Structures are given as structure tokens and as C-alpha cells.
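Predicted model, so just to flag it, every value in this text is computed and none were measured. To find a chain, count down the sequence lines: A is the first, B the second, and so on, and within it residues start at 1.
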Protein chains: 2
Amino acid sequence: MSPITPPLAHRLDGLRSSAIRDLLKLTARADVIGLAGGLPDAELMPRDRIALAAESALADRARLQYTESAGWGPLREVLAARESARLGRPVPMAEVFVTHGSQQALSLLGEVLLDPGALVVVEDPAYVGALQVFRAAGARVVGIPLDVEGMRIDALTELLARGERPAVVHTVSNFHNPGGVTMSPARRRELAGLAERYGFWVIEDDPYGELWFDEPSPEPVAFYSPNVIRLSSASKILAPTLRAGWMVAPDAVCRGVELLKQGADLCGSALTQQITTELLADEAWLSDHVDKVRRCYGERAQALVGALRDRLGDRIVSTDATGGMFVWADFTDGVDTAGLLPRAIDQGVAYVPGSAFAVTSGYRSSMRLCFTTFDAPTLREAVDRLASAIAE
Amino acid sequence: MSPITPPLAHRLDGLRSSAIRDLLKLTARADVIGLAGGLPDAELMPRDRIALAAESALADRARLQYTESAGWGPLREVLAARESARLGRPVPMAEVFVTHGSQQALSLLGEVLLDPGALVVVEDPAYVGALQVFRAAGARVVGIPLDVEGMRIDALTELLARGERPAVVHTVSNFHNPGGVTMSPARRRELAGLAERYGFWVIEDDPYGELWFDEPSPEPVAFYSPNVIRLSSASKILAPTLRAGWMVAPDAVCRGVELLKQGADLCGSALTQQITTELLADEAWLSDHVDKVRRCYGERAQALVGALRDRLGDRIVSTDATGGMFVWADFTDGVDTAGLLPRAIDQGVAYVPGSAFAVTSGYRSSMRLCFTTFDAPTLREAVDRLASAIAE
């Protein structure tokens, strides 16, 4: 008698493979310009600086051992200093918790903050990694639409007025994935006010905030209220291999996450955490490095958005791409982007159909395009191919 | 209105800080010989070889990116080859899954295999990291005592005869933590047979199997049945900082764990996984390295056990310490080891009282001693101090 069938089949019911992961497979064909992925550009990652930091980390044998579940102390200190500057208040180390990428912070928070059946509000279209976590926690997930100023706080207010009481509201406040937009300062203040009035947590998921092209991102939502748990990551500004994410949250939340982290995987890697510390602590170097990434991504974003407008004119409305890694584009003439995809791949270009990011359904005439890993001429070529696929 | 109080307090009810972690704090005082910890010796970790492998890993920019959720391909290949040799059958890559330490494999398996209320059998005294996972999954946990041949399969058979139907039986088959014993070949075969007959999973948790002192560990329990999921780790033979654990399990289980890993933290670090690959693939080097660790730990184990027998005679019965990292000792005259601990620390020696590992209660006259990080004279001094504490 094999135990494989019943319990496992049951547990996997309703679990779907991560859309993120499955979609990455589309980018693998060499003849396809893959705008479907969501990867930062490895060519811009500071390999030499990471190698130097690895060498110096390994000079200390303590970096070979287990480290604290909450993260290596000096990394938490550097992060506390950085976050103090962003949040306009002294952030104590007890409120900084290092995770294995910010996805782990989301996942542990899902366990700490949510009972099965709890209401969670997300932005629609949604970051699919968050959808996966909240659904796995057994939450009831409701989407609130985005517009050019980010989450439609009027729609959230209406939902609250109807008597709905979310436990958590999740927002990608800067350069939304996939929506491309940034929440306006006025809406940030409003959202923080609602969190305090109605007693819910905001999870401000901010991996892209440093990747602004023209002007710095607004004050974080967490600037306005202690009810906001802020997540960020070194993956987009340094390198994903470091698996360094972090959370800024009240001490009680951090201690809850700490208990769960011990059971989940004991602790992070002291080696990659020390590398991250060295790079984040070297402010002059980091500032130059991030400037370079901003400049490069900014040029690519401009090339992609420009080509979309030149080639497709008013058949398409796209975001401005003022930062981050993605452009979101809506076809005004009802093109079915899921139906178009096989033809686009035949023409040699890939994107993610908008429907992949829908909380329930919709966005059938939308697409997400990632501009990080190709130069301007290649991005223009990608749009030419897209135009040919549409013309077919 | 702050949302901190009710939901969080509720979620943390019944969660206790990891005993492992709390106990590590006892080892921090410089004047105390800390036999309470459970750390491998950093002095024996192959720092130079890790530094070389880090350098060569970072020559490839692909190692800076995200990697596959199931682990970096070449690492899974090396592990498949090693496990094929141990299990006496070709293990395909699809049945090898890399986790962030083997604790993560336990934790994800707890989610994949267990429904709330499921029965889980563990060894008593128990590995507390496993207890934490199974309790967090809402399982009903029952302990089966150990003797010198490992888990008392007669007691498990009785439990099954009473109509109990475990979903999972967890065993630390080699050099048990904390019990120090190794399951005999006959019992391994019996356990595997019961798993097939009654349709439960065995999780064979084997971080210490390579650390044998006199003769190689017996065939794994997984050698006898496909109902056995085997876990192991590079932490004890290479270094914990690599956070490289792995699981060998049927494809369906690996795919279930993969879906959960995507939500939990997306993927591991390509950097530390490539370092691990290089070190495990270099068989001649690895064999010399592990031999050195075995020899060194073997001498320390012998010194500790010898001193216990010389100084405490028949007041104590201790395991033989034929491998692994721990000695388990029972006082025959009813000494309360929790009560003794403050006096022992005053005398300058620390251990973990047996009651910390009890599934429900018991082991009040037992203790776990870790011999990995001190030389023979220091271990003898530790036993002298222990004897003084008892004599007080």
C-alpha cells in the first residue's frame, strides 16, 4: 500500500504552480525576445564587489556557522539605519528582520497575521507571489483596482463602508508589479489613516522603490503609520543570489515571525548576509552602483514605451515607466492578449498576458512587459515583432 | 486602533521559542565549557575550499540570478549520484530536491503531508526542530521510546495494533539527536515493512550519517522502501552557512514541496548551492575532509565518554558515541538534571537537561552533551566540573 495517493493529492488540491515560474519558461528560447520574465539584468549586478565581499566574509570563521534567526546583527544595523532615513524616525534593530528574500517575509507574515477565512485586500492586477501566499493561508482575497495614482482608495473606502473588515491590505506601493504605477502621496496618507481607523495591517511590499528614473519615490506608506509593515529586498538593486529580503515591523510582529522562521529553516546564510551588509554599508559605492542601474533601466524603459507609442499609437495605452522593471499596456481595441501570445512567440517576442495577474478575471486586453534585460534597439525590435503579430 | 493585539496574540498562542535556540544562549559565557550547544566545529570547516569555490562560482554571472525552486541542476545531479550509491538504486534527479537546510524540508513536508489532527510518530526523546514543525502543522504527536537499537519498533507495532494510523513516522536513524543511538539494520527493515503494510510515510532525517567513527552507518531505512523520504544536509560535514539541505522522495512529493517552496521563498541561493556542488563533487577531497572530521570528533567523543565513566562510574549510563555529535547520559541514582544545571553552570559547565527533549514529560535524570567543539583535555575538565556540581 503506497501512501502517496490520498493525503498528498488532497493537500495539493487547489495549489497551482507559480505563474511567475511557469512564465519564466517562455523566455528560454534563444530566438524569442523575452519580455515575459521579471529578472533584473545580471550584467548590471556587482559581481566583482560581491566576490571581494565574499572573500572578506570568509576570513571570519563565524560566518561559516549558523546565524541568528532574525538575521546577522550587522546587517540588521545597516538596514535599521537605511530605514530610519526613509521612515523619518529612528527604527530600532528589534523592528528589523532579515528574511530569505522578501517572499519569505510575505509567507511568514501570512502565517502570523491571518486566520483561515480572514479577508485580505490586494491590488488588481496583483503580484502573483502575494496571491499565492494569501490563498495558501486560507484567506478570502479581494482585489481593488489600480489607476495611475495606484490603489483606488475610494474603492477600498467603499468596501470598508459596506462593513468588510480586512486583516491585511497588501500594496506594491512603488512601480507596481505588474501594473507599473506608483501610489500617490495623498493616497498613501489616506491608506495609512484607514489602517489606523479600521485596525488593519498594511503590508507595503517595496522591492522596486530604489529603482526610480526621474525623481525619488515618495515617502513610504509606512512613513504615515505604525500599522504598516514594510518589506524590501536586495534582489533588484544587488543580486537575487544573496536571497536577502527584510521586513520593518513592530517588535511583536518580528518576534512572531522569528518563532515561525525557526521552524521554517532555522536561519539564513551568514555568508550571503555578510556580503549584503558590506555592499549596503558602502554608501558611496552603493549610490554610484544604483545610479548606474537607474540610468540603464531608465533608458530601456523609455525605448520600450517610445516604441510602443510610435508603432501602436492609440491602439495602446501604456504606463509611463518612471521606475521599476515593468510596463503595463492596455489595448484600446480589445485585442485578446492571451490569444495573441502564440502568434507573438512565432514572431519572436514574449510578454505576460494581463489575465495572468487578475485576482478573479479580467485584463484580457492587457500585457506586462519587462524592459530590464535588453538594450534599446532590441526593445524596439521586440515592439516591431509585436506589431507584426497584431497585424497578422 | 492598533491591529497588533488580538490576531497576533492569537496566532502566537502555543508557539514556543525554539528550545534549540534558547539553549544556545547557555553556551555564550566565556568561563563555561558549553556542552549544551549543537554546533559543528567551525575550526574543522573547509574555509579555504569554500573561498575557492565561491570565487569560481562568481565567475559565472548566472550564479547571481534566481535559481530553480528545486535547486541548482548540477547540485541535484551530484546529490542524485551520491544517494544512488547509498540507496542501491538509480535515484533520478526528479526525486532530489534542495532545501534551505534540512529543517526547511521538514517544514515543507509537514505542510504537504499532514492535515490538522493527523497522527505523527516521533522518537522520544525527540529532535525538537521536528516537534516544532509537526505541532505547527496541527498534528497529534506521539512519542515512541528509543533503546540502544534505536526506535522501539515493538512499541510502534503495538500502537498500530491498537488501530492507530500515523500519517508520518519521523526517525533520526543515525547517531540520534539527542539520544545518540543508531537504529539497527533489523529494525530499519521492520520499520520499512510497517510503512508499506500500513501506508504511512517514514521521514528519515539523517544529518549525521556520514559522521561515523568506527564503521560506516548501516543502509538507510530508505534502502528498504519507497515509502521513506530521506533528508540530509551539508551543515554537519561542510558548513551551516551554505544552508544546503536535501530531500530524496518520490516525484509526486517533490512536486508538492516545489509548489510550496515557490510561495515560501521562491528559491535558494545559486551562490551557496554552487559552492556546495563543487565541494561534494570533489570526491577525493571530500573523503579526506570528512575523514578528518570523523577522526577529530571520534577522539573527542571517546574522551568525553571515557571521562564520564572514569569520574561518575555506575552513577551514570551513557551512550557509546560511535558517531554524530552527541552523548546521552542517564543518571542511575535519580539526579534531577534540570535542578543540577544552575550548579553546573556555577562550576563552569553546561549541558541540556533531558526533559527539554521529552515529547510529553520524562528524562528528568538525563542530559545531552555535545562533544564537537572542545579538545579532549577540555572535555575531561568539563566532566570534572560536572562531578563537582553533583558532589555539592
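- The most heavy-atom pairs under 4.5 Å with chain B, out of Ala264(A), Gly245(A), Ala51(A), Ala239(A), come from Ala264(A).
- Glu258(B) does not touch chain A: none of its heavy atoms, backbone or side chain, sits under 4.5 Å away.
- A donor-acceptor contact shorter than 3.5 Å links the side chain of Arg47(A) to the backbone of Ala59(B).
- Contact detail for Asp265(B) and Arg243(A): the closest heavy-atom pair is O-NH2, 2.9 Å.
- In this structure, no portion of Glu55(B) lies under 4.5 Å from any heavy atom of chain A.
- Neither the backbone nor the side chain of Ala105(B) comes within contact range of chain A, judged by heavy atoms closer than 4.5 Å.
- Closest heavy-atom contact between Gly263(A) and Ser107(B): O-CB, 3.4 Å.
- Heavy-atom minimum distance, Leu64(A) versus Met45(B): CB-SD, 3.5 Å.
- Annotation: side chain of Gln65(B) is not in contact with side chain of Thr241(A) (no heavy-atom distance under 4.5 Å).
- For the atom pair CG of Leu266(A) and CD of Gln104(B), the computed distance is 10.5 Å after rounding to the nearest 0.5 Å.
- Among Leu58(B), Leu238(B), Asp48(B), the residue making the largest number of heavy-atom pairs under 4.5 Å with chain A is Leu58(B).
- Per-residue heavy-atom pair counts under 4.5 Å with chain A were compared for Gln273(B), Glu43(B), His100(B), Arg63(B), and the maximum is reached by His100(B).
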